[in-house]
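In what follows, chains are A, B, ... by sequence order, proteins preceding strands, each numbered from 1.
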Protein chains: 2
Amino acid sequence: MAIKRFPAPEADQPDRWEAQLRKGALEMAALASLWRGRLYGLEIIRFLEAQSRLVLAEGTIYPILNRLRTEALLTSEWVEADAGHPRKYYSLTDAGRERLRLMAAAWMDFSSGLTQLLEPVLESEEVIQ
Amino acid sequence: MAIKRFPAPEADQPDRWEAQLRKGALEMAALASLWRGRLYGLEIIRFLEAQSRLVLAEGTIYPILNRLRTEALLTSEWVEADAGHPRKYYSLTDAGRERLRLMAAAWMDFSSGLTQLLEPVLESEEVIQ
DNA sequence: GCAAAATACCTCGTATAGCAATGTATATGG
DNA sequence: CCATATACATTGCTATACGAGGTATTTTGC
């Protein structure tokens with residue numbers, strides 16, 4: 001019997017939409033994680049998990065980082081660690097910093113619009129016994 | 001010559017990530033549009049465009065509405081208009097109302113986490129000459 | 001009356017992107 | 001040396017938004 005590499009898609013999963021919610025925000029989050037200084041791949045994952053509720057798999061972050069590097073929004077450099085595996089550190093370029101500012105502004109715009117749309121819903125929640 | 005039904009995918013489009021940002025929020029927005037009462041398909045599109053910055057195509061909203069109806073989060077009924085084409089009105093079910101409350105709460109959670117992550121970026125923007 | 005326009009709902013096909021599950025390389029502890 | 005830990009990388013599946021069509025009904029112009 002063959003190994004079932006991919007789990008059966010459970011369409012009834014109530015968390016499906018939540019996963020979708022995060023899509024598109026990930027590039028921005030990856031850039032944002034580098035705002036204060038360079039980090040390496042796994043460090044970015046840990047940072048985002050700690051700072052926000054974003055949990056990224058490795059198979060998610062590396063394609064994103066490569067994409068961003070192709071767009072010259074960040075650079076990478078190998079750094080030999082004193083101990084352990086060498087690490088590839090990522091840093092924002094000026095273009096990356098600029099783009100992140102644009103993204104952040106657009107995010108606030110989008111976010112506030114949606115929050116406003118949800119206001120009646122959120123208000124109703126407060127009234128519940 | 002054949003009609004080019006699908007436009008060439010312009011990967012360099014800088015707005016690509018913005019489109020991604022909206023993914024996953026659309027189901028929630030569709031449900032939210034019905035919070036105050038029933039609406040029909042095209043009316044939902046116009047409502048969301050007016051209330052938030054969400055612009056949905058018809059090919060987007062109808063699959064979403066069908067998906068939500070399949071999940072029993074909303075119901076639909078044909079209504080013969082006094083004039084014009086009959087309209088299919090969508091209404092929230094109790095389950096839909098409940099789910100929307102959950103979604104709204106999760107959205108606030110997600111949104112505030114990301115906004116917090118972007119705070120340093122947004123602050124830097126204010127300082128710019 | 002009948003073509004044209006307007007309104008509304010629906011469907012097909014494609015590109016995109018996250019992510020689970022792998023693989024590879026290096027260093028360290030027993 | 002083998003097992004474990006750390007780190008980066010890749011492959012392939014899947015879900016989903018959306019452009020470009022289509023159909024049905026009603027109203028308007030002639």
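Residue contacts shown for Y89(B) are absent, as no nucleic acid heavy atom lies under 4.0 Å away. Residue L26(B) is classed as a sugar-phosphate contact, given heavy-atom separations below 4.0 Å to backbone atoms only. Among the atoms of the strands shown, only primed sugar atoms or phosphate atoms (P, OP1, OP2) are found under 4.0 Å from some heavy atom of G41(A).
Regarding contacts with the backbone of dA9(D), a side-chain N or O of K88(A) is found under 4.0 angstrom from either OP1 or OP2. OP1 or OP2 of dA17(D) has at least one side-chain nitrogen or oxygen of R67(B) nearer than 4.0 Å.
When the P atom of dA17(C) is taken as reference, atom CG of L65(A) falls 15 Å away, rounded to whole Å. Across the protein-nucleic acid pair, K23(B) atom NZ and dT14(D) atom P stand 17 Å apart, rounded to whole Å. In this structure, CG of L68(A) is placed 14 Å from P of dA9(D), rounded to the nearest angstrom. Across the protein-nucleic acid pair, I61(A) atom CD1 and dA17(C) atom C1' stand 13 Å apart, rounded to whole Å. For the pair R22(A) CZ and dT16(D) C1', the interatomic distance rounds to 16 Å; values are reported in whole Å. One can place CD of Q20(B) at 17 Å from P of dA15(D), the figure rounded to the nearest angstrom. Look at CH2 on W78(A): it is 12 Å from P on dA25(C), rounded to the nearest Å. The interatomic distance linking E80(B) (CD) with dT7(C) (P) rounds to 18 Å, in whole Å.
Along DNA chain D, the nucleotide closest to V55(B) and the one closest to E58(A) are compared, and the more 5′ of them pairs with E58(A). The residue among I64(B) and P86(B) whose nearest nucleotide of DNA chain D lies closer to the 5′ end is I64(B). Position along DNA chain C of the nearest nucleotide to Y62(B) versus T60(A) favours Y62(B) as the more 5'-ward residue.
Side-chain contact check for L26(B) versus I61(B): every heavy-atom pair is 4.5 Å or farther apart. Side-chain contact between R46(B) and L42(B) is present, with at least one heavy-atom pair separated by less than 4.5 Å.
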Quick one: do R38(B) and E77(B) satisfy salt bridge (Lys or Arg N to Asp or Glu O under 4.0 Å)? Show the steps, please.
CA-CA 10 Å; R38(B) 72 179 191 182; E77(B) 52 175 343; 2.9 Å; yes
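Side chain of T93(B) to backbone of A72(B): a donor-acceptor contact under 3.5 angstrom is found. The backbone N or O of V55(B) lies less than 3.5 Å from a partner atom in the side chain of R22(B), making a donor-acceptor pair.
For the 3.5 Å distance criterion, the side chains of T115(A) and W107(B) qualify, holding a donor opposite an acceptor.
Listed by chain and number, the residues in a side chain to side chain contact (heavy atoms under 4.5 Å, CB included) with R69(A) are N66(A), L74(A), S76(A), K88(A) (sequence neighbours excluded).
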Polar atom pairs (N or O), protein with nucleotides 4-6 of chain D, under 3.5 Å:
none

